[in-house]
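Step one of this worksheet: look at the structure below.
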Amino acid sequence: MEDGQRMYSQQGGLTNMSGNVLPQYNMGQDEPSDQRKQEIGDILQQIMTITDQSLDEAQARCRKHTLNCHRMKPALFSVLCEIKEKTVLSIRNSQEEEPPDPQLMRLDNMLIAEGVAGPEKGGGSSAAANATAAASGGQPDSAIEHSDYRAKLAQIRQIYHTELEKYEQACNEFTTHVVNLLREQSRTRPIAPKEIERMVTIIRKKFAAIEMQLKQSTCEAVMILRSRFLDARRKRRNFSKQATELLNEYFYSHLSNPYPSEEAKEELARKCGITVSQVSNWFGNKRIRYKKNINKAQEEANMYAAKTAAAAAANVGPEGGIPWTCIILALL
DNA sequence: AAAAATGATTTACT
DNA sequence: AGTAAATCATTTTT
């Protein structure tokens with residue numbers, strides 16, 4: 001804060017921030033131009049001092065006030081106006097409306113598709129989530145129904161939203177701050193509303209870039225989660241012994257035509273506590289693997305045939321007919 | 001650790 | 001749309 005740091009106390013032409021020499025100005029009044037220059041120099045110096053030094057609030061207010069009330073202030077203002085007239089041309093031509101970034105669109109679309117952006121859905125219990133999944137899509141089980149996946153996705157969504165909110169808030173705060181600053185400065189230097197507008201769009205653009213980064217990384221996170229879980233979808237668990245038993249019973253008792261109808265599949269699914277397409281998978285696998293080595297499967301077939309026979313016998317009574325057809329079919 | 005079993009997925013066909 | 005067949009990726013058994 002020593003005076004030794006002053007580096008802009010020239011008396012002739014003053015250098016502005018860009019290093020250009022500001023034109024010397026004569027308002028055509030009767031004062032000698034030397035004195036005028038001197039005074040303008042003083043005012044500018046004061047301005048520089050204010051912007052340069054970090055004054056405490058009260059001190060700054062005081063200085064600004066004296067500056068605003070300086071008798072030469074209107075003159076300085078018009079000087080600045082004129083300077084601006086000359087330089088504004090270079091600023092003006094950055095007003096093009098940019099088309100929406102296709103990459104941003106892509107990211108947005110993906111985020112909405114993944115349910116990260118857009119309306120909140122299926123927030124509560126996994127049962128509710130499953131219900132909505134089953135209701136909304138025609139693919140109840142191939143749709144992602146793992147509560148784990150949903151939990152992770154919800155986590156990502158939450159982070160995404162809080163971050164987005166934070167950015168938005170920061171952007172607004174910063175924008176209003178800058179606008180206020182410019183408004184205040186417009187008392188001492190000419191600032192067109194368009195310039196403020198431009199500044200705001202610049203700020204918004206910067207924050208949009210940050211937002212885009214957020215979206216990008218969110219997308220990446222979702223992709224990682226997705227790939228892991230789509231692979232993890234194969235992370236199977238064997239059906240319960242009971243379920244396998246039921247399926248095998250059906251298979252071997254319908255060995256001549258082991259193609260359960262939709263209704264039959266539904267019932268099996270219900271009884272086994274698995275989905276219909278799991279039943280379909282099972283039968284698909286079973287048929288092909290049965291066919292692949294009938295010899296070995298024969299034992300199993302006999303076993304289940306005997307089992308159903310026994311069951312039927314038990315049902316009909318000790319004298320009841322043995323369902324030979326089952327066994328014969330099984331042996332074919 | 002290797003092999004077998006098993007549920008899920010993919011591909012192609014009808 | 002439903003299936004056979006091949007294949008994948010894991011679980012279970014040996």
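Sequence lines set the chain letters: A, B, ... in the order given, protein chains first and strands last, and positions in each chain run from 1.
Taking atom CG of A:Asn281 as the reference point, atom P of C:dC8 lies 17 Å away to the nearest angstrom. We find that CZ of A:Arg237 is positioned 16 Å from C1' of C:dA9, with the value rounded to whole Å. Between A:Phe239 atom CZ and C:dT11 atom P there is a gap of 14 Å when expressed in whole angstrom units. Taking atom CD of A:Glu245 as the reference point, atom P of B:dT6 lies 12 Å away to the nearest angstrom. Atom CH2 of A:Trp282 is separated from atom P of B:dT9 by 18 Å (rounded to the nearest Å).
The salt bridge (Lys or Arg N to Asp or Glu O under 4.0 Å) pairs that include a residue from residues 158-181 of chain A are A:Glu163-A:Lys166, where partners are two or more places apart or lie in different chains.
Between A:Asn281 and A:Lys286 there is no side-chain heavy-atom pair separated by less than 4.5 Å.
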List every contact pair, protein side and nucleotides 2-5 of chain C side both N or O, where the distance is under 3.5 Å.
from, atom 1, to, atom 2, distance (Å)
C:dT3, OP2, A:Lys265, NZ, 3.2
C:dA4, OP1, A:Tyr259, OH, 2.2
C:dA4, OP1, A:Arg287, NE, 3.4
C:dA4, OP2, A:Arg287, NE, 2.7
C:dA4, OP2, A:Arg287, NH2, 2.9
C:dA5, OP1, A:Lys291, NZ, 3.3
C:dA5, OP2, A:Lys291, NZ, 2.5

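At distances below 3.5 Å, not a single donor-acceptor pair connects side-chain atoms of A:Ser277 with backbone N or O atoms of A:Ser280. With hydrogens and angles ignored, the 3.5 Å screen pairs a side-chain donor or acceptor of A:Glu195 with a backbone N or O of A:Ala192.
Side-chain proximity of A:Asn238 to C:dT12, B:dA8, C:dT10: nearest is C:dT12.
Through side-chain heavy atoms spaced under 4.5 Å, either directly or across other Ile, Leu, Val, Met, Phe, Trp or Tyr residues, A:Met212 is tied to A:Leu104, A:Leu107.
Contact check, A:Gln278 against B:dA8: a side-chain N or O comes under 4.0 Å of OP1 or OP2.
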| task | Check the pair A:Arg236, A:Asn238 against side chain to side chain donor-acceptor pair (under 3.5 Å), reporting the backbone distance first and the verdict last. | result | CA-CA 6 Å; A:Arg236 61 187 181 72; A:Asn238 289 2; 2.3 Å; yes
